[in-house]
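Working notes, structure below.
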Amino acid sequence: MSQTVDRALSILPLLAEGPADLGRVAERLGVHKSTALRLLRTLHEHGFVYRQSDQRYRLGARLISLAQEAMENLDVREIAHPHLVRLNEQVGHTVHLAVHEEDEVLYIDKVESRYPVRMYSRIGKPVAITVAAVAKLLLADLPENERRAVAEQLDYPMYTARSTPNADGFLKELAKVREQGWATDLGGHEESINCVAAPIRGADGRVVAAMSVSAPNVVVTAEELLTLLPLVRRTADAISGEYSGRTPVKEVTA
């Protein structure tokens, strides 16, 4: 039975490459055509494959529907939280998780710093979208026309002398972030707070969330915080792998 299931499941990646006829399926599986046909019929009955008029088979609508439903039910916060806690235990600083919803970037998880000087932020609160590192990552992943439309609609408050002053400056920053794959906020929102962030990606490679490590200058300098970037990126990659189903759960170490 396990061999039959294994063979049936092996058909799906083949058909993901494009429609295939019975002969090609049998050849890929290393079985007789009659065996391949039985497997294809079973998958067809469940809607996982579809037989076209040219007698080739392709992935069925039922499989695509199940995949979409599974993706919609994934909770990135639930998956990310243990990773955020471990990162916090390693570095001691505040760790945030944020997502882009409609016109805002919101914190959806936070693990507090172990130091007495802490950031004022809370779950559910919108970030300062023109300066926050997590916001830069989430907006940088948008198509160029959408990035420009968002940038042109935003206000640009000068929280500090390092705040982004206008749409042109913001678009240049987003282009840089998109190219390098990480982002910073070095005193752009609060002069005494620095932040490094990395993206969390779904199975299609798109950014679904962003995570960050933040700390005040009195605890760690900006230069010292930047040395944590490789660890932050590895943590984000581990979350991405688990969220997309590419890799098994494993602990990230420094």
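Just so you know, residue 1 is the first one in the sequence shown, and it goes up from there.
Judged as a side-chain contact (heavy atoms from CB on, under 4.5 Å), and not counting sequence neighbours, the contacts of E224 are V220, T221. The salt bridge (Lys or Arg N to Asp or Glu O under 4.0 Å) test applied to R201 returns D141, not counting sequence neighbours. Looking at residues two or more places apart in sequence or on another chain, you find a side-chain contact (heavy atoms from CB on, under 4.5 Å) between E104 and L106, P126. With sequence neighbours left out, R148 forms a salt bridge (Lys or Arg N to Asp or Glu O under 4.0 Å) with E152. With sequence neighbours excluded, the residues satisfying side-chain contact (heavy atoms from CB on, under 4.5 Å) with D54 are Q52, R56.
Counting heavy atoms from C-beta outward, H93 and L228 have side chains that approach closer than 4.5 Å. For the pair R58/R51, no side-chain contact is recorded, criterion being any heavy-atom separation below 4.5 Å from C-beta on. Contact of the H81 side chain with the V85 side chain is registered, since non-hydrogen atoms from C-beta on lie closer than 4.5 Å. Looking at D21 and Y57, their side chains never come closer than 4.5 Å, going by heavy atoms from C-beta outward. The shortest distance between side-chain heavy atoms of K136 and E173 falls below 4.5 Å. Looking at I200 and L97, their side chains come closer than 4.5 Å, going by heavy atoms from C-beta outward. A heavy-atom distance below 4.5 Å is found between the side chains of E242 and H83. With contacts defined as side-chain heavy-atom distances shorter than 4.5 Å, the pair D109/H96 does not qualify.
Among pairs with a residue in residues 203-232, none fulfils ring pair (Phe, Tyr, Trp, His ring centres under 6.0 Å), at least two apart in sequence or across chains. Listed by first then second residue, pairs satisfying ring pair (Phe, Tyr, Trp, His ring centres under 6.0 Å) with a partner in residues 194-242 number zero, not counting sequence neighbours.
Contact detail for G23 and K33: the closest heavy-atom pair is CA-CE, 3.8 Å. Summarising the geometry of S212 relative to C195, their closest heavy-atom pair is CB-SG, 3.4 Å, with the distance given to 0.1 Å. The minimum heavy-atom distance between A167 and A151, with the atom names listed, is CB-O, 3.6 Å.
The number of heavy atoms from other shown groups lying within 6.0 Å of NZ (K125) is above 12. Counting heavy-atom neighbours within 6.0 Å of D103 CG, excluding the residue itself, gives a total of 12 or less. Heavy-atom contacts from other residues, nucleotides or ligands closer than 6.0 Å to CD of E144 number 12 or fewer. Within 6.0 Å of CZ on R233 lie more than 12 heavy atoms contributed by other residues, nucleotides or ligands. More than 12 non-hydrogen atoms from other residues, nucleotides or ligands lie less than 6.0 angstrom from CD of Q55.
For S113 (side chain) and G92 (main-chain N/O), a donor-acceptor pair under 3.5 Å exists by modelled atom type. No donor-acceptor pair closer than 3.5 Å links the side chain of R62 to the backbone N or O of F48. Side chain of H32 to backbone of S34: a donor-acceptor contact under 3.5 angstrom is found. Listed for the N88 side chain is a donor-acceptor partner under 3.5 Å among the backbone atoms of E112.
The CZ atom of R234 sits 10.0 Å away from the CG atom of L229 when rounded to the nearest 0.5 Å. How far OG of S244 is from CZ of R206: 15.0 Å, rounded to the nearest 0.5 Å.
No continuous path of ILVMFWY side-chain contacts below 4.5 Å connects L39 to Y50, so the two sit in separate hydrophobic clusters. No single ILVMFWY cluster, assembled from side-chain heavy atoms under 4.5 Å apart, contains both V111 and I123.
Members clustered with L139: V105, Y107, V127, I129, V134, L138, L142, V150, L154, Y156, F170, L174, V207, by chain and number, using a 4.5 Å side-chain heavy-atom cutoff among hydrophobic residues. Summarising the hydrophobic clusters (Ile, Leu, Val, Met, Phe, Trp, Tyr; side-chain heavy atoms under 4.5 Å, direct or chained), the residues clustered with V131 are Y159. Think of V177 as one node in a network of Ile, Leu, Val, Met, Phe, Trp and Tyr side chains linked at under 4.5 Å; its network also takes in L137.
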Atom pairs and distances, side-chain donor-acceptor, residues 7-19, under 3.5 Å, sequence neighbours left out:
unit_1: S10; atom_1: OG; unit_2: D6; atom_2: O; d: 2.8
unit_1: E17; atom_1: OE1; unit_2: R24; atom_2: NH2; d: 3.3
unit_1: E17; atom_1: OE1; unit_2: R28; atom_2: NH2; d: 3.4

Cut-off 3.5 Å, no hydrogens considered: what does the side-chain donor-acceptor table look like for residues 180-193, sequence neighbours left out?
unit_1: Q180; atom_1: NE2; unit_2: W182; atom_2: O; d: 2.8
unit_1: D185; atom_1: OD1; unit_2: G188; atom_2: N; d: 2.7

Verdict with reasoning, M211 to L84, per side-chain contact (heavy atoms from CB on, under 4.5 Å): CA-CA 8 Å; M211 58 160 295; L84 305 183; 4.1 Å; yes

Candidate pair T35 and L29, rule side-chain contact (heavy atoms from CB on, under 4.5 Å), full reasoning: CA-CA 10 Å; T35 300; L29 296 179; over 6 Å; no

